[in-house]
Participant: 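Pasting in a structure now, in structure tokens, and then I'll have a few things to ask.
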Amino acid sequence: MPGGTVFWDVDTQADFMLATGSLPVPGAEALRPNLARLTGAARAAGVTIVHTTDDHEPEDPEIAATPDFVETFPAHCLRGTPGALRVAETVPGDDAVDIPPDGAVDVVAAAASPEIVLRKNRFDAFSNPATRLLLAALAPERVVVYGVALEVCDRFAVEGMLGLGAGFEIVVVEDAVAALDPARGAELLEEWKGRGVLVTTTDDVVRDVGGSGL
């Protein structure tokens with residue numbers, strides 16, 4: 001439903017979240033209890049969850065045999081593989097609407113769903129042409145961002161929203177994110193605070209989403 005809070009669950013997929021994944025993010029597995037709490041709180045409160053989802057083919061530009069880990073990475077989240085699946089704590093509900101990477105969907109109708117799977121074949125969720133339209137249709141007062149990896153896909157999400165001149169508050173849940181490079185992740189959190197992003201905790205989000213705050 002338009003207005004209020006939207007949860008933005010970034011790429012909490014097996015290849016990133018599990019130590020056995022093809023591109024594991026340090027510390028990601030330890031986030032799983034907090035991810036479960038966020039998912040449960042959103043569903044209990046009727047908060048829309050947007051699940052951004054890496055959805056790759058082997059020939060995608062960011063997949064490389066000799067990756068630089070900046071613009072290119074090893075094969076990960078290949079369509080139809082176990083590594084592309086979400087961890088149990090963030091599996092979308094049965095009524096989730098799926099938006100393919102080309103954005104070919106009725107975005108206004110999708111925005112009415114309680115959960116939305118927003119697929120992408122680049123780091124940047126805004127590479128899906130539906131993303132801006134989806135945010136406009138959702139018309140949130142605030143967007144709560146969590147997931148992985150902080151300095152890659154989370155960064156593109158947060159900075160993409162900032163670049164919109166967003167008329168909504170951006171919240172990052174610091175104990176529900178993890179970075180490939182933890183030092184760079186910490187730097188980004190400080191930078192974002194200076195740009196008006198609220199950095200908070202799972203406890204605060206879960207408490208507030210059930211009350212009169214978030």
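FYI, the numbering just counts along the sequence from 1.
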Participant: Under the rule for salt bridge (Lys or Arg N to Asp or Glu O under 4.0 Å), what residues qualify as partners of D54, not counting sequence neighbours?
Facilitator: K120
Participant: What residues form a salt bridge (Lys or Arg N to Asp or Glu O under 4.0 Å) with R79, not counting sequence neighbours?
Facilitator: D55, E57
Participant: I need the C153 SG to D124 CG distance, nearest 0.5 Å.
Facilitator: 8.5 Å
Participant: Can you tell me how far OG1 of T48 sits from CG of L138, rounded to the nearest 0.5 angstrom?
Facilitator: 6.0 Å
Participant: Check whether any side-chain heavy atom of V50 lies under 4.5 Å from a side-chain heavy atom of D9, and answer yes or no.
Facilitator: no
Participant: Report the C-alpha distance between L38 and F7 in whole Å, list the side-chain angles of each, state the deciding distance to 0.1 Å, and finish with yes or no for side-chain contact (heavy atoms from CB on, under 4.5 Å).
Facilitator: CA-CA 8 Å; L38 291 165; F7 279 19; 4.2 Å; yes
Participant: If I take atom CG from residue L135 and atom CG from residue L118, how far apart are they, to the nearest 0.5 angstrom?
Facilitator: 8.5 Å
Participant: Residues in side-chain hydrogen bond (donor to acceptor under 3.5 Å, both in side chains) with E151, at least two apart?
Facilitator: none
Participant: With sequence neighbours excluded, tell me which residues meet side chain to side chain contact (heavy atoms under 4.5 Å, CB included) with D94.
Facilitator: none
Participant: Atom CZ of F126 and atom CZ of R132: how far apart are they, to the nearest 0.5 Å?
Facilitator: 6.0 Å
Participant: Apply the side chain to side chain donor-acceptor pair (under 3.5 Å) test between T90 and each candidate in T12, T39, D11; give the one that qualifies.
Facilitator: T12
Participant: Under the rule for side chain to side chain contact (heavy atoms under 4.5 Å, CB included), what residues qualify as partners of E71, not counting sequence neighbours?
Facilitator: D68, R122, F123
Participant: Just grab all the salt bridge (charged side-chain N to carboxylate O under 4.0 Å, His left out) pairs involving residues 96-106, residues at least two apart or on different chains.
Facilitator: D98-R119
Participant: Can a salt bridge be assigned to the pair D203 and R37 using a cut-off of 4.0 Å between side-chain N and carboxylate O?
Facilitator: yes
Participant: May I have all residue pairs that pass side chain to side chain donor-acceptor pair (under 3.5 Å) and include part of residues 171-181, sequence neighbours excluded?
Facilitator: D175-T202
Participant: For E59, which residues count as a salt bridge (Lys or Arg N to Asp or Glu O under 4.0 Å) partner, sequence neighbours excluded?
Facilitator: none
Participant: Find out whether M17 and V25 are in side-chain contact, i.e. whether some heavy atom of one side chain is under 4.5 Å from a heavy atom of the other.
Facilitator: no
Participant: Does any non-hydrogen side-chain atom of I170 lie less than 4.5 Å from one of L198?
Facilitator: no
Participant: Who pairs with E89 by salt bridge (Lys or Arg N to Asp or Glu O under 4.0 Å), at least two apart in sequence or on another chain?
Facilitator: R32
Participant: Do you know which two heavy atoms are closest between F168 and P140, and how far apart they sit?
Facilitator: CB-O, 3.2 Å
Participant: Roughly how far apart are I63 CD1 and L78 CG, rounded to 0.5 Å?
Facilitator: 6.0 Å
Participant: Report yes if some heavy atom in the side chain of S22 is under 4.5 Å from a heavy atom in the side chain of P74; otherwise report no.
Facilitator: no
Participant: Would you check, one step at a time, whether the test side-chain contact (heavy atoms from CB on, under 4.5 Å) holds for L18 with E29?
Facilitator: CA-CA 6 Å; L18 304 182; E29 285 201 79; 3.8 Å; yes
Participant: Listed by chain and number, what are the side-chain hydrogen bond (donor to acceptor under 3.5 Å, both in side chains) partners of T20, not counting sequence neighbours?
Facilitator: none
Participant: Working to the nearest 0.5 Å, report the span between OG1 of T81 and NE2 of H56.
Facilitator: 10.5 Å
Participant: Please name all residues satisfying side-chain hydrogen bond (donor to acceptor under 3.5 Å, both in side chains) with E115, sequence neighbours left out, ordered by chain then number.
Facilitator: R43, H51
Participant: Going by atom types only, do H76 and E62 share a side-chain donor-acceptor pair under 3.5 Å?
Facilitator: yes
Participant: Would you give me the side-chain donor-acceptor pairs under 3.5 Å for residues 182-189, sequence neighbours excluded?
Facilitator:
| residue | atom | partner | partner atom | Å |
| --- | --- | --- | --- | --- |
| R184 | NH1 | E187 | OE1 | 3.2 |
| R184 | NH1 | E191 | OE2 | 3.0 |

